[in-house]
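Reading through the structure tokens given below for one structure.
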Protein chains: 2
Amino acid sequence: MKENWNAGNLDTLLLGILRQQSAHGYELIQKLKETSEGVFDLPEGTVYPSLHRLEKSGAISSSWDSTSGRRRRIYEITPNGRAAFQSGKKAWAKYSYSVNMVLGMSS
Amino acid sequence: MKENWNAGNLDTLLLGILRQQSAHGYELIQKLKETSEGVFDLPEGTVYPSLHRLEKSGAISSSWDSTSGRRRRIYEITPNGRAAFQSGKKAWAKYSYSVNMVLGMSS
DNA sequence: TTTCATACCTAGATACTCTAGGTATAGAGC
DNA sequence: GCTCTATACCTAGAGTATCTAGGTATGAAA
């Protein structure tokens, strides 16, 4: 039984970071790992496609940056993305509450 | 952005019901719907394969029952399944805590 | 100059849910 | 008796998301 609680949620998680600060892909991977205390240690092959998906859907926008000498694509959340985040957050609250009910977690 | 928080978790959810009582597939679908207050309204095409998966892995065992006139396959959780449930529950606690951190949910 | 961390990317494998069918019986209503 | 609905099971294939496993390239450190 392989647990993959992440499925379908990564987009919302990325917006969760970007809602507070713009960041580039590699940075997002690290921030996600830090914020989750190591639980989300996602491969680049997962995160980059997700970012492209989010940009295509209009939730984030990107621009190339070279000020650090190294080329980076900086992602910024859009108003659309903020709305999507709020909606995703609500869906998560509802969902996690229900899982807690079924699994018998008191809180 | 399609939310599918369920992915990979259904097995643990089913064990969450079966840990308390044996049940047949159709019944599990209803119990899941009740317990989650409508949030988990899963199609049969999702649940039956998941049950077969769980049986194959040894987490549950089944037996045919006809006492109701209608044929039903009753599923029962095994000791292995109870262990898998505990492990899945722990994984969920860890995971949901981390999601809450990233999404900025206070609790 | 070699190695490692940074920084980006994609194709294909894998694995799950879901759609869309199928079969069959019990019971209710006419 | 007949029709309809709910019950109860099933599977093949579509769709989609993550992950594996590669690839390229640069800056900094050893």
Side-chain angles (χ1 to χ4, degrees), chain A residues 1-15 22-34 36 39-57 59-60 62-75 88 91-92 95 98-99, chain B residues 1-15 22-34 36 39-57 59-60 62-75 88 91-92 95 98-99:
Chain A
M1 200 175 52
K2 186 177 164 192
E3 259 120 28
N4 186 7
W5 303 94
N6 262 347
N9 320 344
L10 179 54
D11 290 4
T12 303
L13 291 175
L14 289 172
L15 292 179
S22 296
H24 61 272
Y26 199 85
E27 191 182 2
L28 280 165
I29 293 174
Q30 297 174 316
K31 285 254 194 290
L32 221 41
K33 190 173 174 183
E34 282 168 32
S36 72
V39 174
F40 302 137
D41 193 3
L42 302 171
E44 302 172 26
T46 299
V47 173
Y48 287 118
S50 176
L51 287 169
H52 300 161
R53 214 161 46 229
L54 282 166
E55 183 164 28
K56 203 172 172 188
S57 80
I60 61 179
S62 75
S63 56
W64 285 100
D65 167 79
S66 298
T67 54
S68 73
R70 191 188 298 282
R71 97 193 214 284
R72 291 163 169 171
R73 192 196 276 275
I74 307 287
Y75 288 99
W92 161 254
Y95 173 78
S98 296
V99 173
Chain B
M1 200 176 51
K2 185 177 166 192
E3 259 120 27
N4 186 7
W5 305 92
N6 262 346
N9 320 343
L10 179 53
D11 290 6
T12 302
L13 291 175
L14 289 173
L15 292 179
S22 296
H24 60 274
Y26 199 85
E27 192 182 0
L28 279 165
I29 292 173
Q30 297 173 316
K31 286 254 193 291
L32 221 42
K33 190 174 174 183
E34 283 168 31
S36 71
V39 174
F40 302 135
D41 193 4
L42 302 173
E44 303 172 24
T46 300
V47 173
Y48 287 117
S50 176
L51 287 170
H52 299 161
R53 215 161 44 228
L54 282 167
E55 182 164 30
K56 204 172 171 188
S57 80
I60 61 179
S62 75
S63 56
W64 284 99
D65 167 80
S66 297
T67 55
S68 75
R70 191 187 299 281
R71 96 192 214 284
R72 292 165 170 169
R73 192 196 276 276
I74 308 287
Y75 288 99
W92 161 254
Y95 172 78
S98 296
V99 173

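Reminder, nothing fancy here: chain letters follow the sequence lines and each chain counts from 1. On a predicted model such as this, the values are computed, not experimentally measured, just so you know.
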Between [atom2] on [N] and [atom1] on [X], what's the gap in Å once rounded to a whole number?
X	N	atom1	atom2	answer
A/Leu13	D/dA17	CG	P	14 Å
A/Lys31	C/dT6	NZ	P	12 Å
A/Tyr75	C/dA7	OH	P	14 Å
A/Leu28	C/dA7	CG	P	12 Å
B/Arg73	D/dC10	CZ	C1'	10 Å
B/Ile74	D/dT7	CD1	P	15 Å
A/Phe40	D/dA17	CZ	C1'	15 Å
B/Asp41	C/dT17	CG	C1'	14 Å

Worksheet item: If you look at every strand shown and take non-hydrogen atoms under 4.0 Å, does B/Gly45 touch a base, only sugar-phosphate, or nothing?
Response: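 Base contact.
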Discussion item. For a quick check of understanding: with a heavy-atom distance under 4.0 Å over all strands, which category does B/Glu44 fall into, base, sugar-phosphate or nothing?
Written reply: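 Since a base atom lies under 4.0 Å of B/Glu44, the category is base.
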At less than 4.0 Å, is any side-chain N or O atom of [X] found next to OP1 or OP2 of [N]? Yes or no.
X	N	result
A/Arg53	D/dT18	yes
B/His24	D/dT7	no
A/Gln30	C/dA5	no
A/His52	C/dT10	yes

Could you please name the option among [options] that lies closest to any side-chain atom of [X]?
X	options	result
B/Tyr26	D/dT20, D/dC10, D/dA6	D/dA6
A/Tyr48	C/dA5, D/dA6, C/dC9	C/dC9
B/Arg70	D/dA8, C/dT6, D/dC10	D/dA8
B/Leu42	D/dA8, C/dC18, D/dC10	C/dC18

Worksheet entry | Flag for A/Tyr95-A/Asn9: side-chain donor and acceptor within less than 3.5 Å |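 There is no such pair between these side chains.
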Practice prompt. Check step by step if side chain to side chain contact (heavy atoms under 4.5 Å, CB included) holds for A/Thr12 and A/Trp92.
Written response: CA-CA 9 Å; A/Thr12 303; A/Trp92 161 254; 5.9 Å; no
Worksheet item: Toward the 5' end of DNA chain D, which comes first, B/Arg72 or A/Thr46, by nearest nucleotide?
Response: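 Of the two residues, B/Arg72 wins.
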Worksheet entry | Upstream residue (5' side of DNA chain C) when A/Arg71 and A/Pro49 are each assigned their closest nucleotide |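 On the 5' side of the pair lies A/Arg71.
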Item to complete: State the OG-CG distance between A/Ser36 and A/Leu42, to the nearest 0.5 angstrom.
Response: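 If I round to the nearest 0.5 Å, the distance is 8.0 Å.
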Worksheet item: Given B/Tyr26, which of B/Arg73, B/Glu44, B/Arg70, B/Arg72 fulfils the side chain to side chain contact (heavy atoms under 4.5 Å, CB included) condition?
Response: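 Answer to the side chain to side chain contact (heavy atoms under 4.5 Å, CB included) test with B/Tyr26 among B/Arg73, B/Glu44, B/Arg70, B/Arg72: B/Glu44.
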Worksheet item: What's the verdict on side chain to side chain contact (heavy atoms under 4.5 Å, CB included) for B/Leu10 and B/Leu32, showing C-alpha distance, side-chain angles and the deciding distance?
Response: CA-CA 10 Å; B/Leu10 179 53; B/Leu32 221 42; 4.2 Å; yes
